[in-house]
Structures are given as structure tokens and as C-alpha cells.
Protein chains: 2
Amino acid sequence: METIPKKNCSTDHEEVRRVNTVTIKDVAAAAGVSVGTASRVLSGNPATSAASRERVAAAVERLDFHPNAQARSLRSTRTRTIGLLVSDVRNQFFADLAHAVEQAALEHGYAILLGNANEREDQQDRYLNTLISQRVDGIILAPQGDGNGVIRSLLRRGIPTVFVDRTVDGIDLPSVTTDSVHGIRQAVAHLAGQGHTRIGYIAGPQSISTGRDRFTAYNQAIADNRLPKDPALVYFGDFQAASGSAGVRVLLNLDQPPTAILAADSPMAAGAVAMLHRMGSRIGTDIALVAFDDIEWFALLQPALSVISHSVEDMGRAAVDLLLQVIDGGTPESIVLPSELIVRASSSTPNHPGSVSGLRKN
Amino acid sequence: METIPKKNCSTDHEEVRRVNTVTIKDVAAAAGVSVGTASRVLSGNPATSAASRERVAAAVERLDFHPNAQARSLRSTRTRTIGLLVSDVRNQFFADLAHAVEQAALEHGYAILLGNANEREDQQDRYLNTLISQRVDGIILAPQGDGNGVIRSLLRRGIPTVFVDRTVDGIDLPSVTTDSVHGIRQAVAHLAGQGHTRIGYIAGPQSISTGRDRFTAYNQAIADNRLPKDPALVYFGDFQAASGSAGVRVLLNLDQPPTAILAADSPMAAGAVAMLHRMGSRIGTDIALVAFDDIEWFALLQPALSVISHSVEDMGRAAVDLLLQVIDGGTPESIVLPSELIVRASSSTPNHPGSVSGLRKN
DNA sequence: CTGAAAGCGCTTACAG
DNA sequence: CTGAAAGCGCTTACAG
């Protein structure tokens, strides 16, 4: 009675994979009820007798039945699956975000289909197509690009989607983002307060909303603190580590190098640290360094890195909440999370910085 | 002709999500061919005329058709989806592994359904059930537990599965693991060569194969180098950061504390670093430190951490290769990847360590 | 509370 | 090369 042999068309080639798939039909037969009744028991429909429930449960147990989610969702159009597309899993921030989203989704009975765009629009679009084809119930997206690719399909098809961390201009979807203004303003004020007047900035790409927002916030903060504005102090990176290193090299080779540097995300900050080490510039002594994103590793560096912190747990949880509301037909408001400066040793430059490392190179 | 209104049973409640789902029927109608022909064109079946191909392609484009993967796999029993279940996404090693697996899978046209066990067997089993229900074509698993849970279902159902990084005793599945013996032997010899005789070890859990393997390798290396064996020098952690910190505290409070410490994975090493900082013990001077796993952050610490390195890219790629072979009905051999010591400043203790930090505490 | 039957969107022999 | 039809494993009104 177990493993009822299916009319298996395979020519007995031994290559008989998955013969052992037990279906709801097998369960129904074993329990002595109809398929409909078995289905009702399985889906928790109250219109079932205690007797059926017991017999079906026993059969499920005995046959080790796992309902075919494909078939189920083909009828019910719900897959209980959420697609999460991040920009770069190896970026600790997104790994933490993936974890937060996954835990929050799990609580609501959803599994996460994780995609990794590698900060590239073509890979994002490829995954987006996969997610659409897999008929995920909704998508949480840290977007790439200008919204002229597959993102349009998402909207057209009415697939519940929310943006996380980033947004796309002209695409009106609920989002969870960080208000970078407050944290960056604090950071610049903190540095200016110590006498720094030349604060370098390693910016993210201006094609990405967080890259733009943080850059705007930096410019604003420079102006607010009446610091001289010098375009040479800004290096445009790509949110990845190598560009952080490149940025440091360029900035430190300036005729008038900065005495403090702000990096717009954690991989670039890591790259900056590596290059500062290589160039023999002592962080917290020769140069102050502050990073956007709070990663546990930053606290382990010596000196520990000052960071602009925002809660990745809150972000992940909020994104799931928002998406669930959209799936339920709601139109939730976007959420903006706060950012906050955490001062550590890397930006505590006791000696007047101008005199320590501001020495002209020629 | 676009969006042909489906016989939509929704009571016009406005809650008409996904009306706009276009099916292969719509495509066939728009292209003026039968559903069968449309299907053949879509799946690249050569038995199609150039004319049909063109008309179908045009219809697909115009209607923005995305085939329903659920329905497709219901017939073909292939989902083109691989489940990857890692122990902890926030662990940089596994994030890197996820990335490597995902890239390798993408090359073969597979999407990855990523699960995160959080180093817990119950969460692993829950995800495993989801993956089975989703009918993934195969599973790449960094396993938890003793193999008496859902893993048995995997075997019974013949679902193609390979182990990665870890294995489970008594479960015979192809695997990709690291040979820890060589790297750990090198590390201990390197430390012993500098005069260290008391080498502490922060072990992983003995319920996990990598925890056991590395511990065995450590014991072996201690014996090989004719170092005194002292059980007090071993602290058993759980592969997570907090236990690395706890381990350092315990070991440094010994009457005869170690002058060198080896941590069995990167999160525990990070925890160890944090605690050494807090206790004012200078890495590379007061104490030597070596970590298993090569994470980019380790190179950024000052002093940079010596590590036992193994290639996570190779591991991810090999796991996908193996799984693909299993899916194709093969029975591939397991793969064991090498490990190698990389010496950096954290384990270069020029002064005779015994005299520097081996001073008795009482 | 239960069974028989239709149907979700595809694929795939089967004839032609 | 193509169409008509069966069927993958479920769910869900419809009667009873």
C-alpha cells in the first residue's frame, strides 16, 4: 500500500527518479476517504469530521506525504513564497537584511526565494523574470537601474512589490528606506567640531537612490557647517570595496588632501581601511574615518570605526509587513527609518587635524 | 486581444488581483496557432516552423508573457530550481558560499531558493519541508543535526541532495568538504616553531562534522609537535561570535593561559578578537591568534589575522557540479578541498612568547 | 460533513 | 511541422 507504483512511463532504465512521490490520491486511498476530503483535512478546512481528520493525518504520517506546492498554487494562486532580491549578498548589510527578512517572513509562514543582483541590472532583471515565473506572492526588491527594465512588468502585472533600502525615481511603490540626512549631518558636524575643514567623501553611484540621497545629505551638511565646498574632495565609487580603496588613493594624493573621510557604504569603507593601511595613514590619528552602515566588523577594527547606524532588523521586518499589506490588497505608506551617528575612535582626532595631516604635499 | 478577460469568479470586489495574468492560451490565440505549437516554440522544441516561431515570439513580446513555472513543472517535474540551505547567512563564509553557488547555478539556468537554518535543526527541517514541497530539482545542504530528522525524507524520496562544507555521519551522500588537517597542522607547527607550547583552541560544536574534524586535527597536530596536551586549553563554542568571546575569557583566565589561540571558524574568531581587545591583550604581541576560514575582514584588522584558508568559490562551484551530476542520475565521488595556512601579523610573535605573555598569573 | 467533477496552465505522446 | 486531447496534483464550488 505504501509507494503505490505509478504508471511510470520510464522504460525501466533504472533511471526511475521520483517514483516514490506520494500524492494526495495515495493519502486518500490509504485513509479510505475521497480526494476532496483529504484535501480539506490538509488545508485545515473546518468542514471535516474528527474521524476523517485522524485517518488522513495517520496516512500522511505513514506515507510521508509532502503536498506538491506547485499543484496547490496552480489552483489557489498562492505560493506562500516571497522573492527577495538584494544587491549583493556578500555585502554584510544585505546578508543581515536577508536574515532579517527571512526570519520575519518565516513567522508568517512564507519562505524566501533569494536572488542576488550583484549590483547589476541585467542580473536583477533575470532574477525578476524567474520570480515572476515562480509566481511568488510578492517581491521585496533593493532595486538596480532606472526602472525601465523588468520592473515595469512587475507593475503592469500588479505583482505585489515593495522597495527596500533603495527606491527608483518615477516608480511609485511602497518602500522602506533610511533617512540618511540626520546621520550624515551629525557626522559632518562631529568632524567639523574637531576642526576638520576638508572632509572627503567617497560617494555611491548616482544611479542609485541611496547614492544620491547620501551625496545630497553630505553636500547639505558641508554647506550647513560653512565648510568650503571642494568638488575634488568627492570621489564617486560603486558601493563595492575596490572603489573605496581607489577613492582613498585619489583623495590622499590631492594637493590638499582631506583630514577626514566619509564613506557612503560599508564595502567602500572596508576598501578605504585597506588602502589607508597600505599607504601608512593611521586612522584616528592621521585621518578620521566614518562609514555609513553599521557592521559588527567595524567595531572590531582598531581603532574601532565610527559609523552612521541604521537598524537592518527594523528594515527587514518593516519590508515584510509592508509587503504582506500589499498582498492583502492594502496600499500602505512608505516607511523611513532613522540613522544615527555612533562615535568611536576612528573619528576621534584629538590633535588639531589640520596640523597633523594637513601638511601640504609640496 | 491583449488581456483577454478571464472568467474571473471574483465578485467584482475590486480585489481582483492578477486578472492580468496572460497564459499560453492567450499567446496561442494571439499568434494564431494551437497551444501545443506555442508550447513547443516556448520550450525550444525543434519541431516548429520558422513562421510559428516568429508569430509566437511576437505574441509573447506583445503580451509580456511569463510562463507559469508551477504549471510547467507540474507536467515536466522539473522546476529548474535548486534549494540551498546554509547554516547562517550572516556568517560571511556562508554568504560568500551562497554567492558562489548562486553564480554557478545561474550559469546552468538554475535559480536558487535560499534557506537559512540559523545553526538550528528545527529551522533546517522546516525549510527542508518547504523545499520538498516546492519540488526543487535538488538540494545543496550544509547540514545540522544527526540526520534523524527530515534529512531521512530526502533520502527516502530520492531527492537529489549533496552536502556542502559539512556532512552527517551515517548519511551517505556526495559532499564537498575541506580537508582541515593540512591547514591546522601547518598552523600548529607554525606556532610551535615560534616557541609556543600552550596553544588554546576554541572548538566548534562536536555535533557538527567540521567541529569534530577540526578538533581532531588540532589534537593530532598537538601530538605531532610533541606539545603537552592539556584539556583546559580547549573551549567548546558553537560556531557563533559570542562563544568566541566566552572562549577567550575562559582561556585567558586559566592559571597557565595559552600564548596562542586557534579559533575553529570566523565568527568565533571575530568574537575572540573583540574580547582580546576588551581584555587589553595585544594580538600578535601578547598573544598569537589564528582563525579557520579566510574572510576579507581578517586582512583588514591590525594586526592582520593569520588564517587557515580554503576556497569558498571552489566549494560552491563543486557543490553545483556534484548536484547537477546527481540530478542527471550520476553517482559522483565526494570532493575534498585543501586548506592552507596564510601567515599574517597576528601570529608573528617575535619575542619568545613564553617570556612575553606566559607569565604566571599568581 | 462528503464525494464526484471541473479546472488551474502547462507539456507531451499520438495521429496526421 | 501541427492540432486535439490527456493528464500532472491539487482545490473548490456544487449537490447531497
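Only heavy atoms go into these numbers, but all of them, side chains included; no hydrogens, no water, no symmetry mates.
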Colleague: Counting only distance, no hydrogens or angles, is the base of dG9(C) paired donor-acceptor with the side chain of Arg135(A) under 3.5 Å?
Modeller: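 Under the 3.5 Å cut-off, the side chain and the base do not form any donor-acceptor pair.
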Colleague: Do other residues, nucleotides or ligands put more than 12 heavy atoms under 6.0 Å from the CZ atom of Arg80(A)?
Modeller: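 Counting other residues, nucleotides and ligands, CZ of Arg80(A) exceeds 12 neighbours.
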Colleague: Starting from the C-alpha separation in whole Å, work towards a yes-or-no answer on salt bridge (charged side-chain N to carboxylate O under 4.0 Å, His left out) for Glu119(A) and Arg166(A).
Modeller: CA-CA 12 Å; Glu119(A) 301 278 4; Arg166(A) 308 171 173 182; 3.1 Å; yes
Colleague: I want to check one thing: is the phosphate of dG9(C), taken as OP1 and OP2, less than 4.0 Å away from some side-chain N or O of Thr23(B)?
Modeller: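 Result: no.
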Colleague: On a whole-Å scale, what distance lies between the C1' atoms belonging to dT12(C) and dG16(C)?
Modeller: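 Going atom to atom, C1' in each nucleotide, I get 16 Å.
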Colleague: Looking at Gln134(A) and Thr81(B), what are the two nearest heavy atoms and their distance?
Modeller: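 Looking at all heavy atoms of both residues, the closest pair is NE2-OG1, 3.1 Å.
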Colleague: Is Ser39(A) close enough to dC10(D) that one of its side-chain N or O atoms is under 4.0 Å from OP1 or OP2 there?
Modeller: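 Looking at the OP1 and OP2 atoms of dC10(D), neither is under 4.0 Å from any side-chain N or O of Ser39(A).
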Colleague: Output the residues of residues 42-52 of chain A in contact with DNA chain D, where contact means a heavy atom of the residue under 4.0 Å from an atom of the strand; sort by number or write none.
Modeller: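 When residues 42-52 of chain A is checked for heavy atoms under 4.0 Å from DNA chain D, there are no hits whatsoever.
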Colleague: Got a sec? Which of residues 66-75 of chain A come in under 4.0 Å of DNA chain C, heavy atoms?
Modeller: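 Leu74(A), Arg75(A), in order of number.
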Colleague: Pairing of DNA chain C as dot-bracket, 5' to 3': ( ) intra-strand, [ ] crossing, | other strand, . unpaired, with Watson-Crick or G-U pairs under 3.5 Å?
Modeller: |||.||||||||.|||
Colleague: Using the side chain to side chain contact (heavy atoms under 4.5 Å, CB included) rule, pick out the option among Thr161(B), Ile139(B), Asp146(B), Leu141(B) that qualifies with Ile151(B).
Modeller: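 Output: one option passes, namely Leu141(B).
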Colleague: Are side-chain N/O atoms of Ser133(B) and Thr130(B) paired as donor and acceptor at under 3.5 Å?
Modeller: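 No donor-acceptor contact under 3.5 Å links the two side chains.
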Colleague: Go through the side-chain N and O atoms of Gln70(B) and Thr79(A) and say whether any donor and acceptor fall under 3.5 Å apart.
Modeller: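 No donor-acceptor contact under 3.5 Å links the two side chains.
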Colleague: Please check if any side-chain donor atom of Asp88(A) sits under 3.5 Å from a side-chain acceptor atom of His99(B), or the reverse.
Modeller: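 Side-chain D/A pair, Asp88(A) to His99(B): absent.
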Colleague: Report yes if some heavy atom in the side chain of Thr23(A) is under 4.5 Å from a heavy atom in the side chain of Asn68(A); otherwise report no.
Modeller: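 A side-chain contact under 4.5 Å is absent here.
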